[in-house]
K.L.:
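First the structure, which I've put down as C-alpha cells, then a few questions once you've had a look.
Because only heavy atoms are used, hydrogens play no part in the values below, and waters and symmetry mates are left out as well, while side chains stay in.
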Amino acid sequence: MPTIVYQEGSASDLDEVARLHAYSWKTSYRGMISETYLDEEVDHERYSFWKKRLSTPDPSRWIILARDTSKLCGFACTLLDHDQEFGALLDNLHVLSSHQGIGIGRQLMVLSAHWIHAQRPGQSLYLWVLSKNKSASLFYEKMGGIRYETKEAEVPGGGKGLISRYIWPD
C-alpha cells in the first residue's frame, strides 16, 4: 500500500491539477462525452479552466491534494456557499485509476467535509455526476450520498446528457 500524503493545493499546483483532471476525464468519460473533445481539446480546456480558477485566491474554495511520494494521485475542490439550498459544492474529485480502490477518494471527501464543517458548521454538501458514470455514482452512494435528482444538462465537450445531483444533508 502506498504512503499517501494530503496537503492543501495552491496556484503552484496548476500544471499537475489540470493534467490529472484531463487524464481523469479521458479515462472515466470514454463513451459518455465527445471523443473529439477527449482526444483533442480536454488538455487545453482543463488547463485554461484551472489557470483561471487558481489565478485569484478565494477563501470559499479549497483544494486538497493526495500525493504518492511526490506524484499527484488525486485531488478534490470544494466551493463553500455555492447553492442557497444545497450548500457547498464538491466540484471536483479525481483519483488516478492506478490509485483507485485504496481509500484516497474516501479520504479526500472526508477532508473536504471536515473543511466545510470548520468553515460553515451545518452547511450541507452536494455534487453533480454524469448519470452514465456508474462507478462514480456507486462510490458516492457508498459514501452516503443520496441521489436527489437527475436532469438533462450540457456536458463537457458539448451536447447534452443526464446528470445526477447527490446530496449529503448533514
Side-chain angles (χ1 to χ4, degrees), residues 5-30 32-68 70-97 99-100 104-105 107-109 111-120 123-133 136 139-140 151-168:
V5 175
Y6 297 90
Q7 63 190 73
E8 187 171 356
S10 69
S12 66
D13 301 302
L14 165 65
D15 290 338
E16 287 181 297
V17 167
R19 191 169 29 257
L20 192 151
H21 194 168
Y23 172 83
S24 177
W25 279 11
K26 287 177 185 181
T27 58
S28 299
Y29 289 175
R30 290 275 168 206
M32 298 180 207
I33 64 174
S34 164
E35 296 292 318
T36 301
Y37 171 74
L38 292 173
D39 292 336
E40 300 174 11
E41 302 168 26
V42 72
D43 292 304
H44 175 72
E45 192 274 330
R46 290 292 84 193
Y47 181 84
S48 296
F49 171 86
W50 283 104
K51 184 175 183 182
K52 180 179 178 183
R53 177 171 271 184
L54 296 174
S55 66
T56 307
D58 181 351
S60 68
R61 176 186 65 230
W62 193 59
I63 300 172
I64 183 71
L65 309 176
R67 293 189 182 280
D68 179 356
S70 62
K71 178 183 178 182
L72 184 66
C73 59
F75 76 92
C77 179
T78 306
L79 308 172
L80 286 175
D81 307 319
H82 193 265
D83 185 277
Q84 188 172 344
E85 180 180 355
F86 297 103
L89 171 65
L90 182 61
D91 193 37
N92 300 99
L93 176 64
H94 300 281
V95 177
L96 287 176
S97 55
H99 286 70
Q100 290 177 2
I104 294 171
Q107 186 64 17
L108 288 169
M109 280 199 74
L111 292 169
S112 296
H114 285 277
W115 179 76
I116 293 165
H117 182 71
Q119 303 299 311
R120 302 283 192 281
Q123 187 165 102
S124 57
L125 172 68
Y126 78 100
L127 59 80
W128 291 100
V129 64
L130 289 174
S131 298
K132 289 183 179 179
N133 192 343
F139 170 77
Y140 296 130
K151 67 179 188 174
E152 187 175 70
E154 293 288 325
V155 296
K160 296 211 178 262
L162 293 176
I163 60 172
S164 296
R165 184 192 312 251
Y166 279 84
I167 63 170
W168 288 262

K.L.:
So does F86 get a backbone contact from the side chain of S124, meaning a donor-acceptor N/O pair under 3.5 Å?
P.N.:
yes

K.L.:
Shortest non-hydrogen contact from L20 to G74?
P.N.:
CD1-N, 3.6 Å

K.L.:
Do L89 and D83 come within less than 4.5 Å of each other through their side chains, counting heavy atoms only?
P.N.:
no

K.L.:
Assess R67 against Y6: is NZ or CZ under 6.0 Å from the centre of the six-membered ring, and within 45 degrees of the ring's axis?
P.N.:
no

K.L.:
Measure the shortest side-chain to side-chain distance between W128 and Y166 over non-hydrogen atoms and say whether it is less than 4.5 angstrom.
P.N.:
no

K.L.:
Compare every heavy atom of P156 with every heavy atom of W25, then report the nearest pair and how far apart it is.
P.N.:
CZ3-CB, 3.5 Å

K.L.:
Do you know which two heavy atoms are closest between S34 and G157, and how far apart they sit?
P.N.:
CB-O, 4.0 Å

K.L.:
Is the shortest side-chain heavy-atom distance between L65 and V17 below 4.5 Å?
P.N.:
yes

K.L.:
Checking V155 against Y29 for the side chain to side chain contact (heavy atoms under 4.5 Å, CB included) test, could you report, in this order, the C-alpha distance in whole Å, the side-chain angles of both residues, the deciding distance, and whether it holds?
P.N.:
CA-CA 11 Å; V155 296; Y29 289 175; over 6 Å; no

K.L.:
How are the rings of W50 and F75 set to each other: parallel, tilted or perpendicular (split at 30° and 60°)?
P.N.:
perpendicular

K.L.:
Which distance, rounded to the nearest 0.5 Å, do you find between the CG of L162 and the OG of S131?
P.N.:
5.0 Å

K.L.:
Could you measure the distance from the NZ atom of K132 to the OG atom of S28? Nearest 0.5 Å is fine.
P.N.:
14.5 Å

K.L.:
How about E41 and T36: do any of their side-chain heavy atoms sit closer than 4.5 Å?
P.N.:
yes

K.L.:
Heavy atoms only: give me the nearest L125-I116 pair and the separation to one decimal.
P.N.:
CD1-CD1, 3.6 Å

K.L.:
Quick check: closest heavy atoms across L72 and A66, and the distance to 0.1 Å?
P.N.:
CD1-O, 3.5 Å

K.L.:
Specify whether H21 and F49 have parallel, tilted or perpendicular ring planes, treating 30° as the upper limit for parallel and 60° as the lower limit for perpendicular.
P.N.:
perpendicular

K.L.:
So I167 and R165, do their side chains get closer than 4.5 Å, heavy atoms only?
P.N.:
yes

K.L.:
Can you see which heavy atom on D43 is nearest to which on K26, and at what distance?
P.N.:
OD2-NZ, 2.7 Å

K.L.:
Taking C-beta and beyond as the side chain, do M109 and W168 meet within less than 4.5 Å on heavy atoms?
P.N.:
yes

K.L.:
Is it the case that atom NZ in K160 sees more than 12 heavy atoms from other parts of the structure closer than 6.0 Å?
P.N.:
yes

K.L.:
Would you say I104 and Q107 make side-chain contact, with heavy atoms under 4.5 Å?
P.N.:
no

K.L.:
Find out whether T78 and R61 are in side-chain contact, i.e. whether some heavy atom of one side chain is under 4.5 Å from a heavy atom of the other.
P.N.:
no

K.L.:
Give a yes or no answer on whether the side chain of S48 reaches the backbone of H44 with a donor-acceptor pair at less than 3.5 Å.
P.N.:
yes

K.L.:
Is it true that D15 and K51 make a salt bridge, defined as a side-chain N closer than 4.0 Å to a carboxylate O?
P.N.:
no

K.L.:
Hey, mind stepping through H114 and H117 against side chain to side chain contact (heavy atoms under 4.5 Å, CB included) and telling me if it holds?
P.N.:
CA-CA 5 Å; H114 285 277; H117 182 71; 5.7 Å; no

K.L.:
Hey, could you give me the CG/CD1 distance between L38 and I33, rounded to the nearest 0.5 Å?
P.N.:
4.0 Å

K.L.:
Among D58, D91, D13, exactly one meets salt bridge (Lys or Arg N to Asp or Glu O under 4.0 Å) together with R53. Which residue is that?
P.N.:
D91

K.L.:
Determine whether the side chains of S97 and Y23 contain a donor N or O and an acceptor N or O closer than 3.5 Å.
P.N.:
yes

K.L.:
Any donor and acceptor pair, going by atom type alone, linking the side chain of Q123 with main-chain N or O of A88 inside 3.5 Å?
P.N.:
yes

K.L.:
Going by the angle between their ring planes, with limits at 30° and 60°, are H82 and Y126 parallel, tilted or perpendicular?
P.N.:
tilted

K.L.:
How many angstroms lie between CG in N92 and CD1 in I63, if you round to the nearest 0.5 Å?
P.N.:
8.0 Å

K.L.:
Would you please test C77 and L79 for side chain to side chain contact (heavy atoms under 4.5 Å, CB included) and show each step?
P.N.:
CA-CA 7 Å; C77 179; L79 308 172; 4.3 Å; yes

